[in-house]
Participant: 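Starting off with a structure, shown below.
Within every chain, numbering begins at 1; the chains are lettered A, B, ... in the order of the sequence lines, protein sequences first and strands thereafter.
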Amino acid sequence: MTKDSPNLFGSLFEPATRSRVVPVLVPMPAPKPYSYTVPDGVAVEPGSIVQVPLGPRKVIGVVWDGEDDGSVDAKKLRAIERVFDCPPIGREMRQFLDWVAGYTLSPPGLVARMALRAPAAFDPEPMVEGLRFVGGQPERMTPARARVLDMARDGLSWTRSGLAHAAGVSTSVVDGLIAQGIFETIFLPPPPVVALPDPDFSAPRLEGVQKDAAVDILNTVRSGGFSVALIDGVTGSGKTEVYFEAIAETLRRGKQVLILLPEIALTASFLERFQDRFGAKPAEWHSDLAPRTREKVWRQAVTGEVRVVAGARSALFLPFEDLGLIIVDEEHDPAYKQEDRVYYNARDMAVVRARISDFPIVLVSATPSVESQVNGQSGRYTTIHLPTRFGDAALPDLHLVDMRRHAPERGGFLSPVLLRGIGKTIERGEQALLFLNRRGYAPLTLCRVCGHRFQCPQCSSWLVEHRFRNQIQCHQCGYAERTPEACPDCGTLDHLVACGPGVERIAEEVERHFPEARTIVLSSDMAGGVKRLRLELDAIAKGEADIVIGTQLVAKGHNFPLMTLVGIVDADLGLANGDPRAAERTFQLLSQVTGRAGRTGRESHGLLQTYQPQHPVMQAIVSGDAGAFYDREIGERERALLPPFGRLASIIVSADARGDAEAHARGLRQAAPQVSGISILGPAEAPLALVRGRHRFRLLVHGRRASDMQAFLRAMLAHGPKERGSVHVQLDIDPQSFL
DNA sequence: AGCACGCCGACT
DNA sequence: GTCGGCGTGCTC
């Protein structure tokens with residue numbers, strides 16, 4: 001009884017002690033944490049990972065910060081069932097998760113869930129059963145037993161099956177020796193998922209500009225605290241070697257490191273480069289990790305056993321024990337943006353994570369995003385330039401092919417100039433790469449008799465013919481059917497005509513001109529899947545193909561050392577698709593693809609077929625003067641009020657028809673005077689998916705200040721439950737403006 | 001996000 | 001007469 005109880009009866013009629021109540025974030029789109037009671041004798045603190053009952057099921061939640069406000073009826077409260085034997089989510093990580101939830105207007109529980117994506121990792125990993133040689137002799141010695149004893153005499157511990165395997169015997173031989181007391185069973189801590197990296201395993205091979213860049217980066221890391229460095233270096237300039245030095249220094253200081261990569265760039269060759277420098281591989285984190293490995297990596301990142309993780313965007317939400325550096329490689333890559341459930345850009349959120357925990361972050365790209373470029377120019381980011389290639393690898397010599405002057409033959413898409421280039425290249429025994437970012441045979445098929453165009457029955461886009469598979473497919477929603485022989489409208493046979501090129505059609509044209517050459521088509525829908533693709537890429541690297549025709553996927557990661565010619569079939573593709581980033585994306589893609597050539601030290605070339613040779617993107621590519629392009633692009637966005645500077649948001653609305661989406665936009669314009677413009681991109685300009693009979697439109701909203709945007713979006717979300725179902729919000733704002 | 005409840009169409 | 005579609009509502 002407390003001294004200040006009003007009277008004896010008052011305290012008698014109250015429950016003796018109201019058990020402690022704590023907020024718990026549950027994996028559910030609730031706007032705030034739920035309240036749970038803490039059973040007597042149970043200890044929890046903010047960050048504790050717990051199991052709680054939620055309706056009929058049990059879920060994993062995190063004890064959150066703050067006091068219970070008593071707003072929930074005490075009768076509704078249920079008790080925490082279990083506290084996991086796991087280090088709690090740290091204060092800074094909790095702050096980060098709260099920040100992301102606020103910024104992306106997402107329910108905090110769903111954001112927290114992203115940090116807990118490892119089903120069974122919250123209990124300590126079980127001890128591994130091992131064997132230790134005790135000594136002595138078995139009653140009867142056999143050759144098999146002798147071999148086992150030979151292996152085990154070093155006194156180190158073995159696993160049962162490992163020892164049997166090493167001695168070349170079955171496990172029953174080992175079991176027999178255990179039974180005789182020659183070995184004893186011991187319990188070992190689970191093995192680390194990767195070995196410890198050694199910052200000084202091998203000396204960095206750096207020269208010239210690289211050396212200066214490495215010094216700059218080292219100074220950033222040494223001075224400690226939050227800073228953003230942007231490494232802007234052409235393909236092959238040795239960016240990776242430079243940021244490896246930042247990693248080495250962070251490791252020497254005893255902190256963990258996170259390397260973010262677009263999923264597709266997380267390749268065996270990257271891991272090997274890391275291993276060559278640090279003597280061990282980084283732990284990997286991506287969507288198709290085996291569940292068991294996933295749990296191990298999560299657990300060991302949390303306990304600090306793993307020092308370096310290389311992962312896709314979701315790795316940003318790993319609750320590291322003591323993170324001290326983030327590298328965002330290929331920072332411009334759109335794959336960093338997640339567009340379902342919680343909408344976020346991992347590159348931007350990584351900057352925030354570094355800011356909150358006060359450590360440096362390094363953004364890396366050959367073609368920085370306009371946002372990062374702006375931040376570099378304004379001095380918020382420190383830019384480190386690497387303008388030249390490393391070693392003897394020269395930049396390819398790039399030329400535009402004006403298609404108005406060098407028209408292809410009738411029915412073809414390759415200009416005589418490009419065909420001549422290919423011929424010369426394969427004559428020399430070198431490889432040529434033809435790039436066209438369009439899968440299939442032709443993007444549109446129509447009937448020559450009645451003009452019928454094959455359109456997807458489920459959405460508004462054209463059906464793409466795939467001759468290899470004898471199908472016509474919708475690239476928007478995945479609909480597919482067999483290629484018909486007759487027109488479904490007028491019934492005429494054999495009068496269907498393909499319009500425009502896809503990679504399959506280019507392959508056909510190439511085979512017509514170079515029947516002897518070994519030609520291969522690489523595209524994401526390749527029969528045989530990722531496995532087959534890997535094999536083909538290896539084969540190409542070994543020179544087992546003369547002409548490679550590929551879509552977007554040849555732009556990333558893989559190097560083709562024998563490639564001396566890159567031909568861009570349609571450099572203009574993608575410039576007019578209604579995306580405000582079209583020019584930037586095209587510039588980035590073309591830079592990456594042309595960068596695939598010229599790593600051998602041999603003379604190499606790039607030919608870009610275009611109908612718009614004066615276009616700023618084309619000029620920037622061939623002149624190698626990205627600066628002028630960026631300045632222009634920044635100016636364009638300023639004029640269009642689509643700046644990358646904290647004022648652009650993009651919202652996806654579902655509606656039955658364009659008219660409805662327009663009405664919605666009008667409503668928003670009236671309700672939101674603080675934003676300076678709302679414009680619609682819809683199926684007509686950029687076919688977004690049609691989901692269950694509803695078109696999806698993208699609204700671009702721009703305001704003068706980031707805070708206006710936030711206020712607007714909050715108001716919009718609060719509009720009402722019906723709206724919330726169909727209106728998805730995705731913020732696309734530069735985080736630094738909030739810091 | 002899950003999961004239950006609840007109300008209308010094609011089948012053993 | 002039931003099985004099963006997905007619309008609405010609730011979870012501390």
Participant: Which whole-number value in Å describes the distance from A:Leu110 CG to C:dT11 C1'?
Facilitator: 14 Å
Participant: Round to the nearest Å and state the distance from A:Leu116 atom CG to B:dA1 atom P.
Facilitator: 17 Å
Participant: Are more than 12 heavy atoms, taken from residues, nucleotides or ligands other than A:Arg534, located less than 6.0 Å from that residue's CZ atom?
Facilitator: no
Participant: Within the structure shown, what part of the strands sits under 4.0 Å from A:Arg113 by heavy-atom distance: base, sugar-phosphate, or nothing?
Facilitator: sugar-phosphate
Participant: Apply side chain to side chain donor-acceptor pair (under 3.5 Å) to residues A:Ser369 and A:Glu331 and explain how you reach the verdict.
Facilitator: CA-CA 7 Å; A:Ser369 61; A:Glu331 67 82 29; 3.1 Å; yes
Participant: Does any residue of residues 26-38 of chain A have a heavy atom under 4.0 Å from DNA chain B, and if so, which ones, in number order?
Facilitator: A:Met28, A:Pro29
Participant: Over how many whole Å does the gap from A:Lys58 atom NZ to B:dG2 atom P extend?
Facilitator: 17 Å
Participant: Considering the options A:Gln471, A:Arg439, A:His475, which one meets the side-chain hydrogen bond (donor to acceptor under 3.5 Å, both in side chains) requirement together with A:His466?
Facilitator: A:His475
Participant: Return the value, rounded to whole Å, for the distance between atom CG of A:Asp73 and atom P of C:dC12.
Facilitator: 12 Å
Participant: Remember a base hit wins even if backbone is also touched, and classify A:Pro53 as base, sugar-phosphate or nothing at under 4.0 Å, heavy atoms.
Facilitator: sugar-phosphate
Participant: Exactly one of A:Gln588, A:His332, A:Arg347 should register a side-chain hydrogen bond (donor to acceptor under 3.5 Å, both in side chains) with A:Ser365. Which one does?
Facilitator: A:His332
Participant: Flag the pair A:Asp123 and A:Arg82 as a salt bridge only when some basic side-chain nitrogen lies within less than 4.0 angstrom of an acidic carboxylate oxygen.
Facilitator: yes
Participant: Measure from CG on A:Leu25 to P on B:dA1 and round the result to the nearest Å.
Facilitator: 16 Å
Participant: Please give, in whole Å, the distance from C:dC10 P to A:Arg78 CZ?
Facilitator: 16 Å
Participant: Could you check how far CD1 of A:Ile80 sits from P of C:dT11, rounded to whole Å?
Facilitator: 19 Å
Participant: Quick one, A:Ser106 and A:Met114 - any side-chain contact, counting heavy atoms below 4.5 Å?
Facilitator: no
Participant: Nearest whole Å is fine: how far is C:dT11 P from A:Leu77 CG?
Facilitator: 12 Å
